Q: 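Right, I'll just put the structure down here and ask away after.
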Protein chains: 2
Amino acid sequence: MSAPGRPTSKDVAQEAGVSQSTVSLVLGGKWTGRVSPATARSVRSAAERLGYRPNPAARNLRLGTTRTVLLMVPTLTAPFFGPVYTGAARVAARHGFGVVVATWPDDMNGPVGDACPGPPSYTPPDGPFASPDEAIDGVLASSMAVEALARFRETPAVMLDSGPNTPAGLAPHAAGPGAPGSSGHGPGGAGGRLVPTVDFGVAEGMRGIAEHLAGLGHRRIGHVAAAVDQWTFRARARALAAAVAAVPGGVLSRSMCAIDATSAKNAAGRLLDRADRPTALVCDDDLIAAGAYKAARARGLDIPGDLSVTGFDDVLLATALEPELTTVRLPAEELGAQGMTALLDLLSGRRPAPRVLPGELIIRDSTAPPPP
Amino acid sequence: MSAPGRPTSKDVAQEAGVSQSTVSLVLGGKWTGRVSPATARSVRSAAERLGYRPNPAARNLRLGTTRTVLLMVPTLTAPFFGPVYTGAARVAARHGFGVVVATWPDDMNGPVGDACPGPPSYTPPDGPFASPDEAIDGVLASSMAVEALARFRETPAVMLDSGPNTPAGLAPHAAGPGAPGSSGHGPGGAGGRLVPTVDFGVAEGMRGIAEHLAGLGHRRIGHVAAAVDQWTFRARARALAAAVAAVPGGVLSRSMCAIDATSAKNAAGRLLDRADRPTALVCDDDLIAAGAYKAARARGLDIPGDLSVTGFDDVLLATALEPELTTVRLPAEELGAQGMTALLDLLSGRRPAPRVLPGELIIRDSTAPPPP
DNA sequence: CTGAAAGCGCTTACAG
DNA sequence: CTGAAAGCGCTTACAG
């Protein structure tokens, strides 16, 4: 038996009869031409025998890097973010990076700067700086405003599904009305620095839905819109309005709701109770579409015979509904993957170009020509 | 201007005209009685002025702790795991811990021990040990077998939704049939060490459903079961079988499926096409119940008039369906919170008792007396 | 081809 | 009440 704790590179060196430097070189994979193959072999076997794993804290300190990226999402409860994480983690792992996820603004306001409240079962040995949030090399921020990056002034960041960034130094909302059109383009500024973006082609997707409906013969369109302050929903509303305006005789009505079935049912109901009832309901989200289904059924309206309904996102729910939902598939996992790729590029000094991932119109059974 | 990089405690010390030790004491909150209030104040203001944030890698190295916990889940795509994370992260944050999530067995087989494949956009400076997986103080493993902990021999761990652990040294599946009944009880062993558990009262939940159905008058029950090798599904099947057997005249048929609407629709269809068609379908999962709805509708069967259907979990989908689904609510966020609490206890040397969180029967509109 | 040494930024005895 | 020093476990010039 040697030391009690977990073995260090020093232990491996001793076991192999070499110096710590040699161990580091060999295990770090930069030994070719500098260490003899025989020595390398013996180092490896010593490491294996001891079950050696390098201490990441020590490496991080030495290297000034943590090989960890923070993924910020508004919530993990929405089915959309699981795949985003999965895509990001997949490419991160390929490059030896880990992904930490945090929800914002929720738990980012956690322990930083506060005394630890309540009766702690484990008392932190440190006071105001307990948050581990800072131990990261980069951040991926999904579906939020640039403000979210305020606390990461120095940290390389990529914005996902957050729209084209506003000009340097401007608050993003202030620039809202005048912002460049529909599709997410161009790196912009968060407090003056450039932040690469990866977005969905939300506008094209919404236009696809509008054209599909118009092609079927619909003219009176109702928009059941999510009352959520995110770029993607603003873009959806804008694109739908533009697309309906382009249809001769096209008329758009709108009703807002929260993203849950009950709220959506009520909002859709308001539209359906109008004298000039729409023949098609375009919903901002698949779950909202489920609410629209309920509103329709409550009024004895058949889908798609009396009323066409569309969703957005194509989550599992879309095919669980009956009839199955016509919707736009958003490649969420791809968003995470491309975002991570962009961030890794940024980390190695490149300037990733902004990317837009097209959505795909998925026509199922919830859309048909309007009743005569 | 002083040094270029981010300020260190040494910089703060210099700025405040004190030593590094004093800075550490003050900022670490352990100065009372050891540093004069005036000095403490000046240290704090110097830190603020410089925008000082301690380097977590250095602290981790010094302390031998990372204040980071790994949450392992089978997938982030299922709607169940978002809340688990949220609950765990909430209590972690209160104690200055962060939560990293990893899916297993998927991305845990990542870069460890492999050369980095493909054309890396960022070449890791280190070879075989690139994985950050080890930089953790503890692990929370949800919905998986004890084997998942094999690579964390020394790391404190808590198993969530994974059932009562098997006796020390035994593979968990080997012990399956003879394992102690239905509800998740008792710390067990993973390769000889004790692992605390937090589970749902799945058996009680399933029994609640069976009794609800029996009370309505149902005798022929069909089980649309998830073909997924997880404790929770084995427990659901076992509990339902026992509960139906306890009903005079109770008869149980079963059909297996994957957890998706199409597979579930087919499995439910097989049950509905039998000569002795069940009058109620008990589904292992809300999404499976959605598939059962489709099978029923395809056969012109009204829910709940001709057929009662129940789900399990109570995810968003349950109220998006029509009729709204009778199901069992599982407190997923609470599972994460309690699991993290147990892990924190473990980390501070306590032995958390095993916990079982009761499910709640939610009666909605998908269940009614069987047709005459 | 190999080793001795410095140093990343902290925290914590220890001495005064 | 305050400071000088050691050391956590790595990696990387630098010397041989």
Side-chain angles (χ1 to χ4, degrees), chain A residues 2-14 16-43 47 50 52-67 124-130 132 134-135 137, chain B residues 2-14 16-43 47 50 52-67 124-130 132 134-135 137:
Chain A
S2 48
R6 110 185 206 177
T8 71
S9 66
K10 207 180 277 186
D11 297 325
V12 177
Q14 187 169 20
V18 299
S19 77
Q20 210 187 5
S21 337
T22 305
V23 172
S24 181
L25 253 18
V26 171
L27 267 19
K30 26 188 75 166
W31 59 279
T32 24
R34 304 210 263 167
V35 175
S36 75
T39 307
R41 243 187 322 272
S42 86
V43 166
L50 262 36
Y52 171 70
R53 311 246 81 188
N55 178 324
R59 203 214 325 252
N60 292 344
L61 176 58
R62 179 62 229 242
L63 261 25
T65 194
T66 56
R67 304 194 76 71
D126 35 37
F129 298 110
E134 306 273 318
D137 291 338
Chain B
S2 49
R6 110 186 206 175
T8 70
S9 66
K10 208 181 276 186
D11 297 325
V12 177
Q14 187 168 23
V18 300
S19 77
Q20 210 186 4
S21 339
T22 304
V23 172
S24 181
L25 253 17
V26 171
L27 266 20
K30 28 187 73 168
W31 59 279
T32 24
R34 303 211 262 166
V35 174
S36 74
T39 307
R41 244 190 320 273
S42 87
V43 166
L50 263 35
Y52 170 71
R53 310 246 83 188
N55 179 323
R59 194 198 350 232
N60 292 345
L61 176 57
R62 177 63 229 241
L63 261 23
T65 196
T66 57
R67 305 193 75 72
D126 36 35
F129 299 110
E134 306 273 318
D137 291 338

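From a predicted model like this one, the values you see are computed outputs, not experimental measurements. Quick note on labels: first sequence line is chain A, next is B, and so on, each numbered from 1.
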Q: Determine: side-chain N/O of A/R59 to OP1/OP2 of D/dG9, distance under 4.0 Å, yes or no.
A: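 No, A/R59 has no side-chain N/O under 4.0 Å of OP1/OP2 on D/dG9.
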Q: Starting the side chain at C-beta, find the nucleotide from C/dC8, C/dC1, D/dT2 nearest to A/R62.
A: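 So the side chain of A/R62 is nearest to C/dC8.
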Q: Show me, range against range, the stems involving DNA chain D, built from at least 3 consecutive Watson-Crick or G-U pairs below 3.5 Å.
A: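 Looking at DNA chain D, the stems formed by three or more consecutive pairs are C:1-3 with D:14-16, C:5-12 with D:5-12, C:14-16 with D:1-3.
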Q: Can you list the residues that meet the side-chain hydrogen bond (donor to acceptor under 3.5 Å, both in side chains) rule with A/Q20, with sequence neighbours excluded?
A: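 Residues passing side-chain hydrogen bond (donor to acceptor under 3.5 Å, both in side chains) with A/Q20: A/S9.
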Q: Suppose we screen for side-chain hydrogen bond (donor to acceptor under 3.5 Å, both in side chains). Which residues come up paired with B/T39, at least two apart in sequence or across chains?
A: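 Testing B/T39 for side-chain hydrogen bond (donor to acceptor under 3.5 Å, both in side chains), a comparison that skips the adjacent residues, returns B/S36.
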Q: Ignoring hydrogens and geometry beyond distance, is a side-chain donor-acceptor pair present between A/T22 and A/S19 at under 3.5 Å?
A: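 A donor-acceptor contact under 3.5 Å links the two side chains.
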Q: Once rounded to the nearest 0.5 Å, what's the spacing between atom CG of B/N55 and atom OG1 of B/T8?
A: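 Answer rounded to 0.5 Å: 9.5 Å.
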Q: Under 4.0 Å from OP1 or OP2 of C/dT2: is there any side-chain N or O of A/T39 that close?
A: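 Result: yes.
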Q: For B/S9 and C/dC10, is the shortest distance between a side-chain N/O and OP1 or OP2 below 4.0 Å?
A: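 Checking C/dC10 against B/S9, a side-chain N or O does come within under 4.0 Å of OP1 or OP2.
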Q: Any side-chain N or O of A/S24 below 4.0 angstrom from OP1/OP2 of D/dT11?
A: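 Checking D/dT11 against A/S24, a side-chain N or O does come within under 4.0 Å of OP1 or OP2.
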Q: When you match B/A58 and B/S36 each to their closest nucleotide on DNA chain D, which lands nearer the 5' end?
A: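 Counting from the 5' end, the first nearest nucleotide belongs to B/S36.
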Q: Between B/S21 and C/dT12, is there a contact of a side-chain N or O with OP1 or OP2 at under 4.0 Å?
A: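 Answer is no, no contact under 4.0 Å.
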